[in-house]
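What follows is a short report on a single structure.
Values reported hereafter were calculated over all heavy atoms of this structure, with side chains retained and with hydrogens, waters and symmetry mates removed. Labels below follow one simple rule: chain letters A, B, ... track the order of the sequence lines, proteins then strands, and each chain is numbered from 1.
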Amino acid sequence: MVPQGVILTEDSLRLAVNYFLTRDSFSFDVESSGDYRDQPHLASISWISLATYGCCIVIPLDHPIGTKVIGTKKVPMKYKTGKKIGETYFKAVPEYEGPPEQLDLALVFGILAPLFSHPKIVKTGHDVIYDLVVVSKYLGFVPVPPYFDTKIAFWTLNENRMRNGLKEWTEERYDHKYDFENVGKCAESHPFDTVAYYSYCDSKFDWLHYKWLKQQIADQGLQKIYDLEMNILNVLIGMRLSGVRIDVEKLKQLRADLRVEVVQLEGNIYAAAGKKFNINSNPQKQQILFGKKSEGNQGLKPWKLTAKGREIKDANGKLELIHYSTDDEVLASYPDNPLAHAMREYGDVSKILSTYVESWLGTEDEPAKIYDGRIHAGFLQYGTVTGRFSCRSPNLQNLPRSSSDMGKMIRDVFISEPGGKLVVADYSQIELVILAHYIGEGKLYEAFMQGIDPHTMTAAMVLGKDPADVSKVERQDLGKTLGFAVVYGAGLGKVASMAHITFDEAKRVLKTHERMFPEIHQFKQDVLDLARSRQPVPYITTLMGRKRRVPDLNMEDTYFNRKYIMGAERQTFNSLIQGGAADLIKLAMVRLDATLPDEAKLVLSVHDELAITAPDGMVFEVENTVREAMTGAGIQKLVRVPLRIDLHTGDRWGDIK
DNA sequence: TCGCACCGCGCC
DNA sequence: AAAGGGCGCGGTGCGA
């Protein structure tokens, strides 16, 4: 007889695990507790549940309370952040009986170990990387692949759907709701039986979804891309566990310096405005900049609408000051206004201080994002519609670039492991490589084959010059801008402002581009036609078979729909390119993980860039491994244009580039 | 008090 | 005539 439900004895646990060991797959889920539940490498585990064919067990490990209410007690009131409101405010909460005696944690993981180390049994979960990282700590090893992730599977099947949570899908597919109190957020405060049922359902339904998803992935031709995603899980677990090392002292010094600077810049603003106001408030900025001079404001003429403002204008609504933008482009358009100037200076520094310094170091209310001298950011596979990773807690994919002073200071805080170096490699022109790969013969392709910089080639063709005669500015303004225009679908206005030319000039430039690169424009049209030929929902597939569905491509062509259709066309084409680049970097990561020496670690992935920390004595070996992983034959075979990387090695991220 | 919309902005 | 693809996050201000 195989046990079911709550497991409180060693015998029943052993019986259950013996049964699980005879199956080919199981799903599992952990409930964590403590202050670090959003940091899986630190989280404490209080429950674990497992489900497979005909069996679902729930193992409480450290639940503090029972089920029966025996009275009420008063506890200090707290904000959701965990901070106490004060010593004098209390609220009454139910008091529960003591919990049943629970199995010893070490014993449980000792018994579960053969299951998690089994090389044939699939371990599945919902956002399973979290659970895999949590149990790694208790098992003493990272669970052995193969893995399956139901969240990533749902996303692979429909990357546009925003709500891919286990709860949403369980309600949708089984019309079953089991979480009425957000138990997962704070399991330890809920009665024993409630958590037991919750944990049971998490595993049980994950298991049911798994069986369905597995088939769907295969049926929809997505096996190859899904396998790639699953192969990366192991890499991401490693990145999450090791994190990236931070020079905390340097960061604290930077905080001190920037705080002083921000105070000074605030003072400049108040002086220029002639009064104090909240500089971070847009409405107040709009009032002061654009309000009447006679009322003590600057009386500047607003000219750029915000997104909301454009919407209102389109609907013939009434425009007010709050619908006009105060962004940097606008501020820069008043070069003679001291307040606008002061605001620009302040914006730079305060943004960097709050986003990259204060929030990492933490405040009284917000916990720091640095633990043990490392940042353990989360790289999410299901975070984008194109197949790229997103990154959060904190986002390490949007640090200011080291070409600016501020960016250099921030990136200098990222350091290698002691006695090692950071090796950073990025693909050069990856998006244009993919474009040229698809188009084949043509000037862009030729440029790559001859080793000519593609932006230079673009500028040369549009200007009717030899590439050797193209100036730096022409390459940057014209070549690069047109590259963006192609890949992102930029319009006239954007091209004009990016290339620093007039509207009419932009029009001519785009016309010339179309004449000189007809194959690019033809290819765009072909991509859209192919996508539209797929019905009921149009889609494209990337280099490795990833799908991007674009329902709006189907909209009826009316005046009002026009902008949505054109937006959908830009998304479609960009997804082909951006998604292909994502395929390549993900494949490179898998290849790298398989060949990198144990002493070196992949620590960052930023779209087309990888960073690895390597011991001093192994730098040369690691560099070669990275080069082979990113450009070797096994990956080069995917594109007919040579893949190239720029590779740099240094002590700090800021040293590089 | 909190969740959300909105703005603005950092990156590729 | 006009059209910027993909993210996460900090801050403000509003309304539930």
Please determine, for the side chain of A:P283, which listed nucleotide (C:dA2, C:dG13, B:dG10) has the closest atom? C:dG13
What's A:G347 touching, base or sugar-phosphate or nothing? Going by heavy atoms closer than 4.0 Å. nothing
Return yes if the base of C:dG11 and the side-chain atoms of A:N280 contain a donor-acceptor N/O pair under 3.5 Å, otherwise no. no
Return the value, rounded to whole Å, for the distance between atom CD1 of A:I322 and atom P of C:dC14. 9 Å
5'-most by nearest nucleotide on DNA chain C - A:M162 or A:S359: A:M162
Given B:dC9, C:dA3, B:dC6, which nucleotide is nearest the side-chain atoms of A:M566? C:dA3
How would you label the contact of A:Q284 with the nucleic acid (heavy atoms, under 4.0 Å): base, sugar-phosphate, or nothing? sugar-phosphate
Check the phosphate of B:dC6 against A:K308, side-chain N and O only, distance under 4.0 Å to OP1 or OP2. Yes or no? yes
Under 4.0 angstrom, heavy atoms only, what part of the nucleic acid is A:L492 near: base, sugar-phosphate, or nothing? base
Of the candidates C:dC7, B:dG10, B:dC12, the side chain of A:R388 sits closest to B:dC12
Rounded to the nearest 0.5 Å, what separation is found between the OH atom of A:Y324 and the CG atom of A:L300? 14.0 Å
Base, sugar-phosphate, or nothing: which does A:Y559 touch, judged by heavy atoms less than 4.0 Å apart? nothing
Look at the aromatic rings of A:H376 and A:H41 and report parallel, tilted or perpendicular, splitting at 30° and 60°. parallel
Nearest-Å distance, CH2 (A:W360) to P (B:dG10)? 15 Å
Whether A:K586 engages the ring of A:F389 as a cation-pi pair (distance to the six-membered ring centre under 6.0 angstrom, angle to the ring normal within 45°) should be assessed. yes
Listed nucleotide nearest any side-chain atom of A:R570, set B:dG10, C:dG6, C:dA3: C:dA3
Could you tell me how far apart A:F484 (CZ) and C:dG6 (P) are, to the nearest whole angstrom? 15 Å
Give one of base, sugar-phosphate or nothing for A:K369, where a contact means two heavy atoms less than 4.0 Å apart. sugar-phosphate
Atom pair distance, as rounded to whole Å: CD in A:E366 and C1' in C:dG11: 13 Å
Determine whether the aromatic ring centres of residues A:W653 and A:F414 are separated by less than 6.0 angstrom. yes
Please state how far atom CG in A:N282 lies from atom C1' in C:dG13, giving the value in whole angstrom units. 11 Å
Provide, to the nearest angstrom, the distance between the NE2 atom belonging to A:H455 and the C1' atom belonging to B:dC12. 12 Å
Nearest to the A:S354 side chain among B:dC9, C:dG11, B:dC12, which nucleotide is it? C:dG11
Closest to side chain of A:T306, choosing from C:dG13, B:dG8, B:dG10: B:dG8
Rounded interatomic separation in angstrom, taking CG from A:N574 and P from B:dC12: 16 Å
Could you state the NE2-C1' distance from A:H323 to B:dC6, rounded to the nearest angstrom? 10 Å
Under 4.0 Å between any heavy atoms, over every strand shown, what does A:S575 touch: base, sugar-phosphate, or nothing? Just pick one. nothing
Give a yes/no answer on whether the side chain of A:R548 brings an N or O atom under 4.0 Å of OP1 or OP2 in C:dG6. yes
Is A:A307 touching bases, backbone alone, or none of the nucleic acid, heavy atoms closer than 4.0 Å? sugar-phosphate
More 5' along DNA chain C: A:S390 or A:N278, using each one's nearest nucleotide? A:S390
One thing to verify: whether A:K524 and A:E514 come together as a salt bridge, which I'm taking to mean a side-chain N less than 4.0 angstrom from a carboxylate O. no
So what does A:Q578 hit on the nucleic acid, given a heavy-atom distance under 4.0 Å: a base, only sugar-phosphate, or nothing? base
Candidate nucleotides C:dT12, B:dG10, B:dG8, ranked by approach to the side chain of A:S281 - the nearest: C:dT12
Under 4.0 Å, counting only non-hydrogen atoms across every strand here, what does A:V487 touch: a base, just sugar-phosphate, or nothing? nothing
Identified salt bridge (charged side-chain N to carboxylate O under 4.0 Å, His left out) counterpart of A:D328 within the set A:K304, A:R344, A:K351: A:R344
For the atom pair CG (A:L222) and CD1 (A:I225), what is the distance rounded to the nearest 0.5 Å? 8.5 Å
Scan A:R310 against the nucleic acid and name what it touches under 4.0 Å (heavy atoms): base, sugar-phosphate only, or nothing. nothing
Given C:dG8, is OP1 or OP2 found less than 4.0 Å from the side-chain N or O atoms of A:Q397? no
Can a side chain N or O of A:R562 be found less than 4.0 Å away from OP1 or OP2 on C:dA1? no
